[in-house]
Every structure is written in C-alpha cells, then in structure tokens.
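Quick caveat: nothing in here was measured; it's all calculated off a predicted structure.
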Amino acid sequence: MSHIQSSCTELPDSCKSAAERMVQVLAEEDKYADLNEHCKRQLTQLEDTLSKELKERVVLVAYRG
C-alpha cells in the first residue's frame with residue numbers, strides 16, 4: 001500500500017483528505033472569539049429569541065475578526 005506524507009502524520013491515500021480536513025478544522029478553532037460570561041449570555045438569549053421566532057433551533061458562533 002502506498003503512503004502519502006500528510007501535514008499531521010503518514011497516512012494511506014484513502015485517509016489523506018480526511019486528515020487534511022481535520023488539520024484545517026483544528027486550525028480554525030483558534031479563530032473563535034473568547035467571550036466573557038455576559039457576552040455568552042447575550043449570545044444564548046439571541047439564539048433563544050431567533051429559535052422561537054423561526055420555530056427551529058438556531059446556533060450562533062462568534063469568531064474573531
């Protein structure tokens with residue numbers, strides 16, 4: 001079986017794209033905003049308000065700009 005060197009480890013061809021996607025997702029985690037408790041409560045309240053208005057679950061994510 002051939003192997004391809006990935007940015008995270010040596011993997012077979014069939015796993016390379018999944019591993020690269022995971023590396024990308026982990027790198028993006030650093031972009032989330034570090035909210036204080038007051039801001040987290042406000043975000044949760046807005047999620048609840050939108051969920052009730054739209055009659056479906058809404059989840060909001062805060063990123064640093």
Side-chain angles (χ1 to χ4, degrees):
M1 178 186 321
S2 69
H3 286 78
I4 295 174
Q5 185 65 32
S6 171
S7 59
C8 58
T9 188
E10 189 174 324
L11 297 168
D13 293 348
S14 61
C15 297
K16 184 177 184 257
S17 65
E20 288 175 348
R21 174 70 181 130
M22 183 55 65
V23 168
Q24 180 184 6
V25 168
L26 291 172
E28 289 176 2
E29 285 185 4
D30 290 336
K31 295 179 185 177
Y32 294 118
D34 185 20
L35 302 178
N36 62 36
E37 288 304 314
H38 174 72
C39 290
K40 288 178 187 177
R41 283 193 301 275
Q42 286 184 310
L43 194 61
T44 301
Q45 288 173 350
L46 182 54
E47 286 176 338
D48 292 342
T49 299
L50 291 171
S51 293
K52 288 176 186 173
E53 193 170 309
L54 298 172
K55 295 182 176 38
E56 60 186 7
R57 182 72 178 123
V58 173
V59 177
L60 301 174
V61 178
Y63 287 96
R64 291 186 310 227

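Identified under the ring pair (Phe, Tyr, Trp, His ring centres under 6.0 Å) test for residues 35-65, with sequence neighbours left out: Tyr32-Tyr63. For residues 34-49, every residue pair satisfying the salt bridge (Lys or Arg N to Asp or Glu O under 4.0 Å) rule, not counting sequence neighbours, is listed here: Glu37-Lys40.
For Ser51, the side-chain contact (heavy atoms from CB on, under 4.5 Å) partners at least two apart in sequence or on another chain are Arg57, Val58. With sequence neighbours excluded, no residue forms a side-chain contact (heavy atoms from CB on, under 4.5 Å) with Ala18.
Under the 4.5 Å side-chain heavy-atom criterion for ILVMFWY residues, no single connected hydrophobic cluster contains both Leu43 and Val59.
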